[in-house]
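What follows is a short report on a single structure.
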Amino acid sequence: MLSNTEFNTWCSRFNLSQQTQTLIEKIRSSEPSRRVGGGTKNVSGRYPSRKMGVTIQFESHKVELPFIYELEHDEDVLEFYDQPHQIKLDYEAKNGRKLGVLHTPDFFVIRTNFAGWEECKTEQELKRLSEKNPNRYFCSDDSKWLSPPGEVYAKKFGLYYRIRSDNQINWILQRNLIFLEDYLRATSITLEESVTNSIISRVFSQPGITLAELLHQEIGIIADDIYTLIATEQLYVNLNSAPLAEPERCQVFSDQQTSLAYQLMVKQSTPRIAIISPVINLATGTSIIWDGKGLTILHIGETEILLRAEDAQLIELKKTEFENLVRQGKIKNLQTQERQIGAESWERFHQASPEDQAEALRRYKAIEPYLNGQPPKNETVPERTIRDWKAKY
């Protein structure tokens, strides 16, 4: 959470009016305006937020909880508050009658560059509400849900009002949330230090180890210990990319920074290809496994790929079919990615301090568009500095 000094600095940066600053301060210092309770179709609950240091209420596992997790792990989000004070929405009903409705948004969110209210709804619910109150909810041409009266109210304070639909939810993340739910709630669980150190040491020494390998290699350690470390963020798994229920598709790292470095090293140690996959090196001679059988890539054409099975049978696939099978995790590389990264690379990475690792990644992000031939239009880093970083890279 922001300190009072940091909050005042944030307000000054955007030249917020005293009225807006007072409104936000009231939200920050107040308890939620209402206690939530699940309806007939929803299951309410409380999420223990480390970012906020309190539990955050949610009314639905299917919409609000995934968004809470997103807010919790989004570096752009500084603070978020559930059930802030009511706001008044003025709009015309379907029959033309003027309405003034008191409304409690689901969240008030303070982000790095802006702040405002966010309301979470299912797509089905939004369609129903838009038919009933088309002036309060409607879907734009680009399939984005809007609430004009909410936006009008927020604009008076220089803030935003946003509708969040379940269509925006990453369902892999949602699946992982359900998988980890008991571990996320069990805030009192403490593992033995020796157990924690053993698991973390294994992951540190084998960056990118799959969850399946970790579960099978750690003798005497139960799966619950590993999942607890993931839930408490002592181990890092990108919960947006692969389901934990399919551990052979999940890579485990000691922290997010190492994961970012790993992906970068894999990308740079693999030829640039038409189909980009973190698992498959699409090149002639690559060995893959599909439905439990080993195959070798024989030929890569413009639109088709030719494979040879262990019994010499030839299989022809459209490139689009191959790509879909890779994305679904049905086709995998027989070799693990870590073998593509030299030991010297990891030694240099681990010898650097966490601050230097973060700085290296920051610099790479700055020069990456130039390396790809697409320099940004509004670059904030001096051109001379970019040239220097590119030369060192």
Side-chain angles (χ1 to χ4, degrees), residues 1-2 27 32 35-39 41-84 104-112 114-123 125-126 145 160 162-189 211 224 226-247 249-257 259-260 263:
M1 292 181 62
L2 298 172
I27 293 172
R35 298 298 174 187
V36 304
K41 295 183 180 180
N42 293 330
V43 179
S44 62
R46 301 173 72 87
Y47 176 85
S49 168
R50 291 182 180 82
K51 178 176 285 187
M52 296 303 298
V54 297
T55 55
I56 303 294
Q57 301 178 104
F58 59 87
E59 290 185 282
S60 167
H61 279 67
K62 295 183 177 180
V63 188
E64 290 181 23
L65 180 57
F67 280 122
I68 287 175
Y69 193 86
E70 175 188 310
L71 297 172
E72 178 78 7
H73 293 82
D74 187 344
E75 294 181 358
D76 182 51
V77 174
L78 303 176
E79 296 179 350
F80 62 101
Y81 299 87
D82 63 289
Q83 306 300 312
T104 304
D106 291 318
F107 304 104
F108 185 85
V109 183
I110 299 177
R111 298 177 181 270
T112 304
F114 48 114
W117 293 271
E118 303 196 11
E119 181 72 7
C120 303
K121 302 284 186 189
T122 65
E123 193 78 9
E125 186 179 11
L126 285 167
W145 284 99
Y160 69 80
R162 181 181 296 171
I163 300 291
R164 309 295 299 273
S165 161
D166 63 341
N167 272 5
Q168 298 172 268
I169 294 172
N170 181 326
W171 291 108
I172 292 178
L173 172 60
Q174 166 69 350
R175 183 177 171 185
N176 285 334
L177 280 173
I178 294 172
F179 187 98
L180 289 174
E181 188 170 15
D182 290 340
Y183 304 99
L184 290 168
R185 294 179 184 284
T187 55
S188 61
I189 291 181
L211 180 58
D224 284 344
I226 295 173
Y227 293 131
T228 296
L229 293 177
I230 293 172
T232 56
E233 298 178 21
Q234 296 178 73
L235 292 178
Y236 177 78
V237 173
N238 185 346
L239 299 180
N240 293 285
S241 63
L244 293 169
E246 300 175 27
R249 295 178 55 192
C250 295
Q251 291 179 292
V252 187
F253 299 90
S254 53
D255 53 51
Q256 186 175 17
Q257 198 157 277
S259 172
L260 293 172
Q263 301 305 329

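FYI, the numbering just counts along the sequence from 1. Heavy-atom basis, side chains included; hydrogens, waters and symmetry copies ignored.
Separation of the F58 and F67 ring centroids does not fall under the 6.0 Å cut-off.
I68 is not listed as a side-chain neighbour of D82, based on a closest heavy-atom distance of 4.5 Å or more. Counting heavy atoms from C-beta outward, T228 and Q234 have side chains that stay 4.5 Å or more apart. Side-chain contact between L71 and I56 is absent, with no heavy-atom pair separated by less than 4.5 Å. Residues R111 and D74 have side chains in contact (heavy-atom distance under 4.5 Å, counting atoms from C-beta outward). At least one side-chain heavy atom of Y236 sits less than 4.5 Å from a side-chain heavy atom of N238.
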* Evaluate the side chain to side chain contact (heavy atoms under 4.5 Å, CB included) criterion for residues F253 and L260: first the C-alpha distance (whole Å), next the side-chain angles of each, then the deciding distance (0.1 Å), finally the verdict. => CA-CA 10 Å; F253 299 90; L260 293 172; over 6 Å; no
* Asked: Can R164 and W145 be said to form a side chain to side chain contact (heavy atoms under 4.5 Å, CB included), step by step?
  -> CA-CA 8 Å; R164 309 295 299 273; W145 284 99; over 6 Å; no
* Asked: I169 and E70: side chain to side chain contact (heavy atoms under 4.5 Å, CB included), yes or no, with the steps?
  -> CA-CA 9 Å; I169 294 172; E70 175 188 310; over 6 Å; no
* side chain to side chain contact (heavy atoms under 4.5 Å, CB included) between L244 and L239, intermediate numbers included -> CA-CA 8 Å; L244 293 169; L239 299 180; 4.0 Å; yes
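The CE atom of M1 sits 9.0 Å away from the OG atom of S49 when rounded to the nearest 0.5 Å. Separation of atoms CZ (F107) and CD (E79) is listed at 15.0 Å; rounding is to 0.5 Å. Taking NZ from K121 and CG from N167, the interatomic distance works out to 15.5 Å, rounded to the nearest 0.5 Å. How far OG of S259 is from CG of L235: 12.0 Å, rounded to the nearest 0.5 Å. Separating the CD atom in E64 from the CD atom in E119 is a distance of 7.5 Å, to the nearest 0.5 Å. From S60, atom OG reaches atom CD of E125 across 9.0 Å, with rounding to the nearest 0.5 Å.
Paired with F108 under the rule ring-ring contact (aromatic ring centres under 6.0 Å, His included), one option of F80, Y81, W117, F114 passes, and it is W117.
The aromatic rings of Y183 and Y227 lie tilted to each other, with the angle between the two planes from 30° to 60°. Using the six-membered ring where Trp is involved, Y69 and Y47 have ring planes that are perpendicular, over 60° apart on the 30 and 60° scheme.
A pairwise comparison of heavy atoms in I27 and P84 identifies CG2-CB, 4.2 Å as the closest pair. Shown here for Q57 and P32, the closest heavy-atom pair between the two residues is NE2-CB, 3.4 Å. Between C250 and V237, the closest heavy-atom pair is CB-CG1, 4.4 Å. For the residue pair S165 and Q168, the shortest heavy atom distance occurs at N-OE1, 2.7 Å. P243 and R249 make their closest contact through CD-NH1, 3.9 Å (heavy atoms, listed as atom of the first residue, atom of the second, distance). Contact detail for C120 and D106: the closest heavy-atom pair is N-OD2, 2.7 Å.
Looking only at distances, no side-chain donor or acceptor of N240 sits under 3.5 Å from a matching main-chain atom of I172. When atom types are taken as modelled, the side chain of E59 and the backbone of V36 share no donor-acceptor pair closer than 3.5 angstrom.
With salt bridges taken as basic N to acidic carboxylate O contacts below 4.0 Å, none links E72 and K51.
With hydrogens and angles left out, the side-chain atoms of T112 and D76 include a donor and acceptor closer than 3.5 Å. Side-chain atoms of T104 and Q83 form no donor-acceptor pair, as typed in the model, at a separation below 3.5 Å.
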